[in-house]
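Values below: every heavy atom of this structure, side chains too, minus hydrogens, waters and symmetry copies. To find a chain, count down the sequence lines: A is the first, B the second, and so on, and within it residues start at 1.
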Amino acid sequence: MNIKQLLAAKTQAAMIKVGLPADTNTAVTQSTKVEFGDYQINGAMAAAKLLKTNPRALAQQLVDVLELHDIADKIEIAGPGFINVTLKPDWLATQLQHAVADPRLGVSANTTPQTVVVDYSAPNLAKEMHVGHLRSTIIGDAVVRALEFWGDNVIRQNHMGDWGTQFGMLIAHLEDKLAAGVDLETVALADLEDFYREAKKRFDDEAGFADKSRDYVVKLQGGDAHCQKLWQLFIDTSVKHSEEVYRTLNVTLGHDHIKPESAYNPMLQPIVDDLKARGIAVEDQGALVVFLQELADKEGNPSPFIIQKTGGGFLYATTDLAACQYRSHELNVDRIIIFTDARQALHFKQVELVARKAGLLRAETAYEHCPFGTMMGEDGKPFKTRTGGTVKLAELLEEAVVRAEAVVKGKSTELSAEEIAEVARKVGIGAVKFADLSKNRTSDYIFSWDAMLSFEGATAPYLQYAYTRVSSIVRRAGISDSFSASLILAEQQEKQLALKVLQFEETLQQVMKDAQPNLLCNYLYELASQYMSFYEACPILKDGIEPALRDSRLMLSILVAKLLAKGLDLLGIDVMERM
RNA sequence: GCGUCCGUAGCUCAGCUGGAUAGAGCAACGGCCUUCUAAGCCGUGGGUCAUAGGUUCGAGUCCUAUCGGGCGCGCCA
């Protein structure tokens, strides 16, 4: 059920009846205050200007022909021409009855499913995942889950960085380690950061090593068996590190979703040749460049986009063009969504322009780069630890679980040791994910241990706690799965909660359209918050509650719990029966 | 220099196609556990929405300029 959409459709019909064009903006929104009803229609004011009539008079005309008799209780005109709509509790109750029985929790069917590629996480396999990788990984995963729940055909692609210049240096270093008889996983690559630093140091300091590294890159990309083998060893180990983090994070990325840079290698030369033959790319200072007039500066200097280096090497620009072709033409997708940090915004703008020009992207394929800001330290400067390095993602998650366990032990005296460990894991990981997912900013944001590992207020544990409260009531009530009752929405808290429940689809649509899971976080927090108010104000199993009212409130509680569990599941956060 | 994202309460952040008296959390202060889990609830204080203009019935939201910050701008990814 999408109430906003329903009201917009009804308003549009009314607008046509009073002689307004069909494309007039209805401007239906959720009301900001209870005095203004549940929804408000703001379109009359702008439309009146167009018709040069009195906005209040036009609002009255609209109200006269609006067909909302079975939906709304009250339709009022206020201020300069707002139309405030208050929904009927009976109607809300009917919608809720439908939602409870529905596996989709009342979310309507997807009548036009799309095929969507979502490109996210994309760790650099030369290094270990650090906190900066958190955003792309969990935002992308949340959007993927939302799209799948809605009913789109989603193709996950983990565009892992496994093909850069640095791999020459790494495999040369690895070769020497293996020759010295060092064990691969437990010693040589136990810490990717250390390994990278060692290799870099040799590259900078050791005579001959840099040349060997460069030689190895060429050999590797040319298909040399020895270098390929060393590279494969390195990649396999590094992928294992990433997959461990994914498991801990409860992210749905698996082995089959890896579509690394190297996979596009065979496509690069033909694409470059084609662009050159068609005059889209031209030689300049030894490199092959596409000049983009669309992104020219004020003096008219076009923006250069290098697709082949002097000497014939390819860049990630080339790889991204190949990815466009593969996704749009081979996978035939309707939509491509790419999650990377905002620093790459210009790059992806260029990729799209070139790809469209060259026909690598079909006109029917939407190309959306979804950027997010850089992580800053608490001093407002780009994030670094005291020692100058970054914080490893695995370390952050470990710390989260440790801190959560201390809290769980202090609060939940009835849980077994195993249950405590389980709850601590769900709370700790959930808190980190929610802290990051709930931020919208495409600009930079400040990383704080305490904020990320807080368990109070607008956090994942708050939502999980709301869920356990319902679970506890259901246990005490001793009701079965098939429990059913009619809903009575009498108290203000009950009606507000019911309305919030029915606004899930509106939120979901927005989340998918803008690729912004923070809207879902906000929604779930508001839902939980309203449930907490309802819980305090509307007793359920206490003495003196009428059976019909008790059952209605149980019903509402169960629906909220289902929605919380589903919503958190879309964010990749687990719930539990007790905490 | 040019481009881009941003500047909202002491701190961290919401604020949907421009809508009515700008909202949360944390921190501070005051209440609420012999009755459904106090990781909670209820309440109080806290704002020239960076600044100055403009557009209009209406601007935190759109436009222009200025100040302050992050990032990007030819062979890294």
Quiz item: Reckon A:Asn25 touches a base, only the sugar-phosphate, or nothing at all at heavy-atom distances under 4.0 Å?
Solution: base

Practice problem: Describe the nucleic acid contact of A:Lys411 in one word from base, sugar-phosphate, nothing, applying a heavy-atom distance below 4.0 Å. | Solution: base

Quiz prompt | Spacing of A:Tyr445 atom OH relative to B:A14 atom C1', expressed in whole Å | solution = 17 Å

Exercise. Indicate, with a heavy-atom threshold strictly under 4.0 Å, whether A:Met45 touches base, sugar-phosphate, or nothing.
Key: base

Practice problem: Taking only the side-chain nitrogens and oxygens of A:Asn440, find out if one of them lies under 4.0 Å from OP1 or OP2 of B:G15. | Solution: yes

Practice problem: Would you indicate, yes or no, if B:C41 has its OP1 or OP2 atom less than 4.0 angstrom from a side-chain nitrogen or oxygen of A:Tyr462? | Solution: yes

Exercise. Tell me what A:Val470 touches on the nucleic acid: a base, only sugar-phosphate, or nothing, going by heavy atoms under 4.0 Å.
Key: nothing

Quiz item: Under 4.0 angstrom, heavy atoms only, what part of the nucleic acid is A:Leu315 near: base, sugar-phosphate, or nothing?
Solution: sugar-phosphate

Practice problem: Name the pairing partner of B:C11, where a pair is Watson-Crick or G-U wobble with both distances under 3.5 Å, or state none. | Solution: B:G25

Quiz item: A:Ala122 near the nucleic acid: base, sugar-phosphate alone, or nothing, with a heavy-atom cut-off under 4.0 Å?
Solution: nothing

Exercise. Would you indicate what A:Gln493 reaches in the nucleic acid, counting non-hydrogen atoms under 4.0 angstrom: base, sugar-phosphate, or nothing?
Key: nothing

Quiz item: How would you label the contact of A:Thr32 with the nucleic acid (heavy atoms, under 4.0 Å): base, sugar-phosphate, or nothing?
Solution: sugar-phosphate

Quiz item: NA contact type, A:Cys521, heavy-atom cut-off 4.0 Å: base, sugar-phosphate, or nothing?
Solution: nothing

Self-check item: Donor-acceptor pair under 3.5 Å, A:Asn84 side chain vs B:A20 base
Solution: yes

Self-check item: Nearest-nucleotide pick for A:Lys309, side chain only, options being B:G40, B:A20, B:C76
Solution: B:C76

Quiz item: Which way is the base of B:C26 turned, syn or anti, if we draw the line at 90° from 0?
Solution: anti

Self-check item: Below 4.0 Å: OP1/OP2 of B:U35 and any side-chain N or O of A:Lys542
Solution: no

Self-check item: A:Pro461, nearest nucleotide to its side chain (from B:U37, B:A39, B:G19)
Solution: B:A39

Exercise. Establish, yes or no, whether a centroid distance under 6.0 Å links the rings of A:His159 and A:Tyr264.
Key: yes

Self-check item: Under 4.0 angstrom between A:Arg475 side-chain N/O and B:U37 OP1 or OP2
Solution: no

Self-check item: Plane angle bin for A:Phe447 and A:Trp449 - parallel if under 30°, tilted between 30 and 60°, otherwise perpendicular
Solution: perpendicular

Practice problem: Tell me what A:Tyr525 touches on the nucleic acid: a base, only sugar-phosphate, or nothing, going by heavy atoms under 4.0 Å. | Solution: sugar-phosphate

Quiz item: Does A:Asp450 come within less than 4.0 Å of A:Arg403, counting only side-chain N to carboxylate O?
Solution: yes

Quiz item: Is any N or O donor-acceptor pair between the side chain of A:Lys4 and the base of B:C16 shorter than 3.5 Å?
Solution: yes

Practice problem: Could you let me know what B:U48 is paired to, Watson-Crick or G-U wobble, both distances under 3.5 Å, or none if it's on its own? | Solution: none

Quiz prompt | Among B:C16, B:G25, B:C36, the one nearest A:Ser472 by side-chain distance | solution = B:C36

Practice problem: Validate the cation-pi geometry between A:Arg469 and A:Tyr531: distance from NZ or CZ to the six-membered ring centre under 6.0 Å, angle to the ring axis within 45°. | Solution: no

Quiz item: The side chain of A:Ala287 lies closest to which of these nucleotides: B:A14, B:C75, B:C41?
Solution: B:C75

Exercise. Would you mind classifying the nucleic acid contact of A:Ile446 as base, sugar-phosphate or nothing, using non-hydrogen atoms under 4.0 angstrom?
Key: sugar-phosphate

Quiz prompt | Integer-rounded Å distance: B:C36 P and A:Arg550 CZ | solution = 16 Å

Exercise. Send over the distance from A:Leu295 CG to B:G74 P, rounded to a whole Å.
Key: 13 Å

Practice problem: Return no unless some side-chain N or O of A:Arg343 is found under 4.0 Å from OP1 or OP2 of B:C5. | Solution: no

Quiz prompt | Over all atoms of both residues, closest heavy-atom pair of A:Phe291 and A:Pro304 | solution = CE2-CB, 3.9 Å

Quiz item: For the base of B:C75, is there a side-chain donor-acceptor partner from A:Thr310 under 3.5 Å away?
Solution: yes

Quiz item: Which one, B:U17, B:C36, B:G25, comes nearest to the side chain of A:Thr29?
Solution: B:U17

Quiz item: For A:Phe82 and B:C57, what is the distance between atoms CZ and P respectively, to the nearest whole Å?
Solution: 14 Å

Quiz item: OP1 or OP2 of B:G23 sitting under 4.0 Å from any side-chain N/O of A:Lys33?
Solution: yes

Quiz item: Using 30° and 60° as the class limits, which term best fits the ring planes of A:Tyr525 and A:Tyr462: parallel, tilted or perpendicular?
Solution: tilted

Quiz item: Picking from B:A77, B:A39, B:G74, which would you name as closest to the side chain of A:Phe291?
Solution: B:G74

Exercise. Quickly work out the A:Asn518 CG to B:G25 C1' distance and round it to whole Å.
Key: 15 Å

Exercise. Identify whether any heavy atom of A:Ser533 sits under 4.0 Å from a base atom; if not, whether one sits that close to sugar-phosphate; answer base, sugar-phosphate or nothing.
Key: sugar-phosphate

Quiz item: With sugar-phosphate meaning primed atoms plus P, OP1 and OP2, does A:Glu261 contact a base, only sugar-phosphate, or nothing at under 4.0 Å between heavy atoms?
Solution: sugar-phosphate

Practice problem: Quick one: label A:Met376 by what it contacts on the DNA or RNA (base, sugar-phosphate, nothing), any heavy atom closer than 4.0 Å. | Solution: sugar-phosphate

Quiz prompt | Aro-ring/base stack A:Phe305-B:G74, d under 5.5 Å, angle under 30° | solution = no

Quiz prompt | Polar pair under 3.5 Å, donor/acceptor by atom type, side chain A:Tyr316, base B:A77 | solution = yes

Quiz item: Quick one: do A:Glu505 and A:Lys4 make a salt bridge, cutoff under 4.0 Å?
Solution: no

Quiz item: When you measure from the side chain of A:Val427, which nucleotide among B:G19, B:A39, B:G3 comes out closest?
Solution: B:A39

Quiz item: Relative to the ring of A:Phe504, is the ring of A:Tyr523 parallel (under 30°), tilted (30 to 60°) or perpendicular (over 60°)?
Solution: tilted

